[in-house]
Amino acid sequence: MANITPALKDVQYQIKQTAHQAAPWVERMARFGYGAKGVVYIVIGILATLAAFTGGGKTTNSQGALTTIFQQPFGQFLLAIVGIGLAGYALWRFVEAGLDSENKGHDARGMAVRTGYVCSGLAYAMLSLTAFQLITGKPHSNGVNATQDWTAKLLSAPFGQGLVGLIGLVVIGLGIGQFVKGYKADFNKRLNMDKIPQAYRSWAVFSGRWGYMARGVVFTIVGGFFVDAAMHANPQQAKGIGSALDLLAEQPYGPFLLGVVAIGLVSYGLFMLVQAKYRRISI
């Protein structure tokens, strides 16, 4: 056993050395990734805003946003760029988790955050794959159907209802965390604020605050869907962003509520573009 720890340390050292050598292109892919993620949220937000205030548009999820991009002039080219960017963002999330570039540490809380980075990386890797499946004409899973399919598999497993309920509670927690992050605006710590032109700094902060709070609302609703699916052992109750936006539209003053959150999602997308250029990225 005495020789294992030095061996593991040596492996970690080699991984870090390799990452540092690759740092320039990893940083470029990370920034490209933030931009692509921003484009996806801007499309979702614009479509929902139109649905709220004009009767046009639609409420949709990330896969729906990719389909909308694909349907535009030069859609294949545009979607290829977004797909590459999403793959870059997935790579960056894996790097964040593996190298602890955000200094989250190895305690329970730090490992939970880093595990979240891995989950995020997997989600965006799948979204990137969906983009290229659209381009090549290969069949791909609808976001809602895929969510309900794996929820059904979980529910049929031992302790499945508890697992689905736990996932829902985690997503609700993430939503509350996003809302708090927007309220406190502590995301500023990750930006090179001194490099943002003075005239745009307040706008950048405002877009982040509104964006994170809107995303927090959506995540909280999505988490509630999973809790409901667990309580009723019904995978059809597990839904995503598009359904969360639909639920807002069905409430009293629904168009107003949907519009506020939809514009917030556009703001979140714009803030991702800010991060693409001004985020501190250390490897």
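Basis for what follows: all heavy atoms, side chains included, without hydrogens, waters or symmetry-related copies.
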#### Entry: Qualifying residues under salt bridge (Lys or Arg N to Asp or Glu O under 4.0 Å), relative to Arg114, sequence neighbours excluded
Asp100

#### Entry: Residues forming a side chain to side chain donor-acceptor pair (under 3.5 Å) with Tyr34, sequence neighbours excluded
Trp92, Arg279

### Query
Taking the hydrophobic residues Ile, Leu, Val, Met, Phe, Trp and Tyr, and joining any pair whose side-chain heavy atoms are under 4.5 Å apart, which ones share a cluster with Val227?
Leu169, Ile172, Ile176, Val180, Met231

### Message
I need the full list of side chain to side chain donor-acceptor pair (under 3.5 Å) pairs touching residues 35-57, with sequence neighbours left out, sorted by first then second residue.
### Response
Lys37-Tyr89, Lys37-Tyr268, Tyr41-Arg215

### Message
If the test is side-chain contact (heavy atoms from CB on, under 4.5 Å), which one of Leu134, Val43, Thr130 qualifies with Thr67?
### Response
Leu134

#### Entry: Test side chain to side chain donor-acceptor pair (under 3.5 Å) applied to Thr60 - qualifying residues, sequence neighbours left out
none

#### Entry: Hydrophobic cluster of Val113, others only, ordered by chain and residue number, side-chain cut-off 4.5 Å
Tyr117

### Task
Could I get the full list of ring-ring contact (aromatic ring centres under 6.0 Å, His included) partners for Phe271, not counting sequence neighbours?
Phe187, Tyr212

### Task
May I have all residue pairs that pass salt bridge (charged side-chain N to carboxylate O under 4.0 Å, His left out) and include part of residues 186-196, sequence neighbours excluded?
Glu102-Arg190

### Query
Which residue pairs pass the side chain to side chain donor-acceptor pair (under 3.5 Å) test with at least one member in residues 220-230, sequence neighbours excluded?
Asp228-His232, Asp228-Gln237

### Query
Is the shortest heavy-atom distance from the side chain of Leu247 to the side chain of Lys239 under 4.5 Å?
no

### Message
Side-chain heavy atoms nearer than 4.5 Å, only ILVMFWY residues, links allowed to pass through others: does that put Met272 and Leu174 together?
### Response
yes

### Summary
Residues at least two apart in sequence or cross-chain that pass side chain to side chain donor-acceptor pair (under 3.5 Å) with Arg209, listed by chain then number, are none

### Task
Provide the closest heavy-atom pair for Trp203 versus Val274 in the form atom of the first, atom of the second, distance.
CZ3-CG2, 3.7 Å

### Query
Quick one: ring-ring contact (aromatic ring centres under 6.0 Å, His included) partners of Phe206, sequence neighbours excluded?
Trp210

### Residues forming a side chain to side chain donor-acceptor pair (under 3.5 Å) with Arg201, sequence neighbours excluded
Gln198

